[in-house]
Amino acid sequence: MRNVWVAGATGLIGRELVARLLAETAAETHLFVRRAPDLQSPRLHVHVVDLMQPESWPQPPCDVAFNALGTTIRQAGSQAAFRAVDQDAVLNFARAAARAGAARFISVSAIGASPGALSFYSRVKGEVEQALADIGFAHLVLMQPSLLLGDRQEHRTGEQAATWLMRPLSPLMRGPLSAYRPVAGSDVAAAMVRLAGKPLRSPILRQRHDDIMALADTPA
Ligand SMILES: NC(=O)c1ccc[n+]([C@@H]2O[C@H](COP(=O)([O-])OP(=O)(O)OC[C@H]3O[C@@H](n4cnc5c(N)ncnc54)[C@H](OP(=O)(O)O)[C@@H]3O)[C@@H](O)[C@H]2O)c1
């Protein structure tokens, strides 16, 4: 893995992902961001781009691409604006990475993602998973966390309430319910870095809570 691309590098998962890529791998790390993070490394290449204009982006080589982009309907302001980020920008990034040679695409989706889901959020996530599969990466890894835990700069009332409710219940969530246990964004990022260099048994792999925790606990 000599060259990696990252989208969503300034978010909860993305910040941790970039820190780990710089600390734990030797890869040239290319960030596609709308605002430059306050980070320095000789292996860090920051490309400030408009995610809606992929034809204007630079095209450094890419072996593995990581996507941790996302917004919320509240933050975006409408369902259409949410789709523009969580679907259009993600697919622009994935297609550009494929053109640059990416054999592996590791993307943060969500538990419950399905094109047939009742909730708009899960339906969009499911449609994006399907569109990513259609791109034809040799390996596509779909991270399917439940509620993400970690320090956010921005206040999200719903997520804070869910965290407060789910934390004490989490140890009781076993069997099929374990996929719905909250997970730290830093553990998702750690698992994504491990998955970048791991031989994978199938072209499309979905990673839920227990898979994520097993990988996150593996030494780098
Ligand atoms: N929150 C949860 O509990 C939860 C649960 C399951 C799955 N997920 C999914 O996990 C993924 C990552 O979540 P997260 O909490 O790490 O995300 P986050 O902290 O909200 O960060 C999102 C990233 O996307 C970027 N972004 C958002 N809108 C953009 C736009 N219009 N143009 C360019 N960049 C934009 C942000 O850039 P800026 O820093 O410039 O804003 C940031 O880098 C998301 O897809 C989310 O749906 C979340």
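Atoms within a ligand are numbered from 1 in the order they appear, just like the ligands themselves.
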Any Glu159 side-chain heavy atom under 4.5 Å of Trp164 side chain: no
Option with minimal heavy-atom separation from atom 13 (O) of ligand 1, where the choices are Val124, Leu148, Val18, Val33: Leu148
Shortest protein contact, atom 41 (O) of ligand 1 (heavy atom only): Arg34 NH2, 2.8 Å
Element-labelled atoms of ligand 1 that are located less than 4.0 Å from some non-hydrogen atom of Pro145: 6 (C), 7 (C)
Which of the ligand 1 atoms, numbered from 1, are nearer than 4.0 Å to a heavy atom of Ile13: 16 (O)
Leu51 neighbourhood, listing ligand 1 atoms whose heavy-atom distance to it stays under 4.0 Å: 32 (N), 33 (C), 34 (N)
Main-chain N/O of Arg167 paired to Ser170 side chain as donor or acceptor, under 3.5 Å: no
Thr72 and ligand 1 - part of the residue with a heavy-atom distance under 4.0 Å: neither
Proximal atoms of ligand 1 relative to Leu12 (non-hydrogen, under 4.0 Å): 15 (O), 16 (O), 18 (P), 19 (O)
Check: Phe66 ring centre within less than 6.0 Å of Phe105 ring centre: no
Distance filter under 4.0 Å to Leu69 heavy atoms, resulting ligand 1 atoms: 11 (C), 24 (O), 25 (C), 26 (N), 34 (N), 35 (C), 44 (C), 45 (O)
Nearest neighbour of atom 43 (O) of ligand 1 from the list Leu147, Thr10, Asp50, on a heavy-atom basis: Thr10
contact_flag Ala76 ligand 1 heavy-atom lt 4.0 Å: no
From OH (Tyr180) to CD1 (Ile111), nearest 0.5 Å: 5.0 Å
Flag if over 12 foreign heavy atoms under 6.0 Å of CG, Leu172: yes
Qualifying residue, where the test is side-chain contact (heavy atoms from CB on, under 4.5 Å) with Arg104 and the options are Leu200, Leu140, Asp63: Leu200
Check: Glu129/Ser109 side-chain N/O donor and acceptor closer than 3.5 Å: yes
Spatial distance of atom SG (Cys62) from atom CZ (Arg2) [nearest 0.5 Å]: 13.0 Å
Check: His45 and Leu31 side chains under 4.5 Å, non-hydrogen atoms: no
Ligand 1 atoms in contact with Tyr121 (distance to a heavy atom under 4.0 Å): 6 (C), 7 (C), 8 (N), 9 (C), 46 (C), 47 (O), 48 (C)
Contact check, Ala84 vs ligand 1, heavy-atom distance below 4.0 Å: no
Close aromatic pair by centroid cut-off 6.0 Å: Trp57 and Phe32: yes
Structural part of Ser109 in contact with ligand 1, heavy atom criterion under 4.0 angstrom: backbone
Test item, Ala89 contacting ligand 1 (heavy atom, 4.0 angstrom): no
Nearest-contact summary for atom 20 (O) of ligand 1 - protein heavy atom, Å: Arg156 NH2, 2.8 Å
Protein heavy atom at shortest distance from atom 15 (O) of ligand 1: Arg152 NH2, 2.5 Å
Heavy atoms from other residues, nucleotides or ligands near CG of Asp151 exceed 12 (cutoff 6.0 Å): no
Heavy-atom nearest option to atom 12 (C) of ligand 1, drawn from Ala68, Gly70, Gly150: Ala68
Shortest reach to atom 21 (O) of ligand 1 by a heavy atom, considering only Ser122, Gly11, Gly8: Gly11
Sidechain-backbone polar pair: Thr218 side chain, Ala214 backbone, donor-acceptor under 3.5 Å: yes
Gln75 contact mode with ligand 1 (heavy-atom cut-off under 4.0 Å): neither
Within-4.5 Å side-chain heavy-atom neighbours: Met213 and Arg208: no
Subset of ligand 1 atoms that lie under 4.0 Å from at least one heavy atom of Ala110: 6 (C), 7 (C)
Nearest neighbour of atom 11 (C) of ligand 1 from the list Thr163, Val108, Val188, on a heavy-atom basis: Val108
Option set Arg35, Glu159, Arg15, criterion heavy-atom distance to atom 1 (N) of ligand 1, minimum: Glu159
Atoms in ligand 1 flagged as close to Ser146, the criterion being non-hydrogen separation under 4.0 Å: 5 (C), 6 (C)
Sub-4.5 Å side-chain heavy-atom contact between Val49 and Pro58: yes
